[in-house]
Amino acid sequence: MALVTSTEMFKKAYDGGYAIGAFNVNNMEIVQGITEACREEKAPVILQVSKGARAYANHTYLVKLVEAAVAECPEIPIVLHLDHGPDFETCKSCIDGGFTSVMIDASSKPFAENIEITRKVVEYAHDHGVVVEAELGTLAGIEDDVKVAAHAASYTRPEEVEEFVSKTGCDSLAIAIGTSHGAYKFTAAQCTRNEKGILVPPPLRFDVLEEVSRRLPGFPIVLHGSSSVPQNYVKMINENGGKMPDAVGIPEEQLRHAAELSVCKINIDSDLRLAMTGTIRQFFNEHPDKFDPREYLKPARANIKELVRHKLVDVLGCAGKA
Ligand code: G3H
Ligand code: 13P
Ligand code: ZN
């Protein structure tokens, strides 16, 4: 199967009460770990590339890695998506360069300007058979070189979504309901502690999600900042020379619930980074004499694969849906 757009995937996900995993890719091992899990679990998948990933690995290398995954996994549909496209030029470059989906993230701009930029990208993308994700509302956390403090984040205003979608023609909409980018999604002050002393984050605003969905029936909603920050990997990092105190993510049951509603795409990046970094740190601690990258990247790739498998089966509900 060649690369596909997310149109058919989202329709099935919406009707079936599950979500597609959108995993960020930066190198070969990450692409392989994700797609091997998806192939074995027969899950459709979105491989997404940020501006930072393009700067790190180069557009062509990433496209070719994803094309290799398509050739190796012909039985599953794969979307190649631009994550957080900052402007029209970046979106155009990805549309011209083989992507099947782009995000234009003008969510930091005033409403009218967000509409204007998004509509321009949609026009170009649709002329080239590419779909567009847009964003309304502001997530906290770090994405690319932009850091948004918790107090500067703002929930999506449901009363704006119909006008935004009808004026832009976007194909899916990322909304802010309390998720956040990175491994430190909430400050300790925003959380409570359970009886084991573990930080419990504030619940997602399902009321906002439900009101958005009521106003946009059948329309695919996207959640960014949806890593769960698995505590086994935070512990592995901290026990092997790392220092990540109070890293906390979104509880997986809440993501599962969102997937049953109108959320069709759930973005996960930080969890993969934690799995890779924890595994490599542990490897070096246990084998200080080793220096062959294949020896430490192999278990890192294997752990990414198992983490993705868990997300597909237990969180997203998209296993067996390819
Ligand atoms: O939302 C941002 C993604 O996690 C990508 O992160 O910009 O560091 O590649 P990055
Ligand atoms: P996390 O930092 O929670 O993995 O979010 C990733 C994301 O939203 C990419 O766009
Ligand atoms: Zn994001």
Side-chain angles (χ1 to χ4, degrees), residues 6 19-27 30-31 33-34 45-59 61-62 65-66 79-87 90-91 94 99 101-108 132-148 150 153-154 156 172-186 201-202 204 221-231 233-234 244 247-252 254-255 258-259 263-278 304 307-308 310-311 315-316:
S6 48
I20 311 297
F23 302 100
N24 287 71
V25 297
N26 291 278
N27 65 17
I30 297 174
V31 172
I34 297 165
V45 68
I46 298 171
L47 299 178
Q48 54 186 15
V49 167
S50 68
K51 175 183 157 199
R54 288 176 94 224
Y56 169 74
N58 170 306
H59 175 96
Y61 278 92
L62 291 167
L65 283 173
V66 171
V79 173
L80 175 54
H81 173 76
L82 168 65
D83 189 27
H84 293 286
D87 48 40
T90 308
C91 292
C94 289
F99 284 43
S101 174
V102 294
M103 174 189 193
I104 172 70
D105 182 358
S107 59
S108 61
V132 179
E133 173 187 329
E135 178 166 334
L136 262 184
T138 314
L139 269 68
I142 300 171
E143 70 194 41
D144 264 325
D145 35 15
V146 183
K147 186 172 192 304
V148 180
S154 58
T156 301
S172 60
L173 183 67
I175 62 168
I177 59 166
T179 60
S180 161
H181 287 108
Y184 300 95
K185 299 196 181 300
F186 306 100
L204 296 182
I221 301 301
V222 178
L223 285 189
H224 281 248
S226 296
S227 276
S228 301
V229 186
Q231 292 302 304
Y233 283 121
V234 175
M244 296 191 70
V248 64
I250 311 296
E252 289 185 335
Q254 292 185 38
L255 297 170
V263 171
C264 295
K265 172 175 181 273
I266 292 190
N267 286 11
I268 297 171
D269 183 12
S270 298
D271 285 356
L272 307 184
R273 297 179 181 197
L274 291 165
M276 187 159 213
T277 301
I304 286 178
L307 179 77
V308 170
H310 159 67
K311 298 285 179 183
V315 182
L316 302 157

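Remember, it's 1-based here, ligands and their atoms both numbered in the order they're listed.
Between I268 and ligand 2, no pair of N/O atoms sits closer than 3.5 Å. Geometrically, ligand 2 and D271 share no nitrogen or oxygen pair separated by less than 3.5 Å. The shortest N or O to N or O distance between N24 and ligand 2 is not below 3.5 Å.
For the atom pair L65 CG and L47 CG, the distance stands at 10.0 Å (nearest 0.5 Å). In this structure, D269 CG and S226 OG are separated by 11.5 Å, a value rounded to the nearest 0.5 Å. To the nearest 0.5 Å, atom CD of residue E133 and atom CG of residue D105 are 8.5 Å apart. To the nearest 0.5 Å, the span separating OG on S107 from NE2 on H84 amounts to 8.0 Å. Once rounded to the nearest 0.5 Å, the distance linking CD1 of I46 with CD1 of I34 reads 11.5 Å. Atom-to-atom distance recorded for L255:CG and L316:CG is 8.0 Å, nearest 0.5 angstrom.
Contact check on D83 versus K51 returns no salt bridge, with no Lys/Arg side-chain nitrogen under 4.0 Å from an Asp/Glu carboxylate oxygen.
Here is the list of ligand 2 atoms found below 4.0 Å of a heavy atom in S270: 1 (P), 2 (O), 4 (O). Heavy-atom contacts of D269 reach the following atoms of ligand 1: 3 (C), 4 (O), 5 (C), 6 (O) (cutoff under 4.0 Å). The atoms of ligand 1 that sit less than 4.0 Å from any heavy atom of S50 are 5 (C), 7 (O), 9 (O), 10 (P). The atoms of ligand 2 that sit less than 4.0 Å from any heavy atom of H84 are 10 (O). Shown in contact with G182 at under 4.0 Å from a heavy atom are these atoms of ligand 2, numbered in order with element: 2 (O). Those atoms of ligand 2 with a heavy atom of H224 less than 4.0 angstrom away are 8 (O), 10 (O). Within the listing of ligand 1, atoms 3 (C), 5 (C) sit less than 4.0 angstrom from a heavy atom of N24.
Comparing heavy-atom distances from atom 1 (O) of ligand 1 across Q48, K51, H181 singles out H181 as nearest. Around atom 9 (C) of ligand 2, the closest heavy atom drawn from D83, V222, L223, I266 belongs to D83. The heavy atom nearest to atom 3 (O) of ligand 2, considering only E135, H81, R273, K185, is found in K185.
Smallest separation of non-hydrogen atoms from P230 and L274: CD-CD1, 4.2 Å. Contact detail for T179 and I250: the closest heavy-atom pair is CA-CD1, 3.8 Å. Between I304 and A275 the shortest heavy-atom distance is CG1-CB, 4.4 Å. Minimum heavy-atom separation, P202 to F186: CD-CD2, 3.8 Å.
Put simply, part of R273 is less than 4.0 Å from ligand 1, judged by heavy atoms. M103 does not count as a contact of ligand 2, since none of its heavy atoms falls under 4.0 Å from the ligand.
Of all the heavy atoms of A183, none lies under 4.0 Å from any atom of ligand 2, so neither backbone nor side chain is involved. Contacts with ligand 2 closer than 4.0 Å are made by heavy atoms of both the backbone and the side chain of D269. Counting heavy atoms closer than 4.0 Å to ligand 1, residue N267 contributes nothing at all. Of all the heavy atoms of H84, the ones lying under 4.0 Å from any atom of ligand 1 belong exclusively to the side chain.
Looking at H84 and the Zn ion (ligand 3) together, the shortest N, O or S contact belongs to NE2. Looking at H181 and the Zn ion (ligand 3) together, the shortest N, O or S contact belongs to NE2. Looking only at N/O/S atoms, H224 comes nearest to the Zn ion (ligand 3) through ND1.
Two rings, from H59 and F99, have their centers less than 6.0 Å apart.
Of the residues listed (V25, V102, N26), the one engaging V49 in a side-chain contact (heavy atoms from CB on, under 4.5 Å) is V25, and it is the only one.
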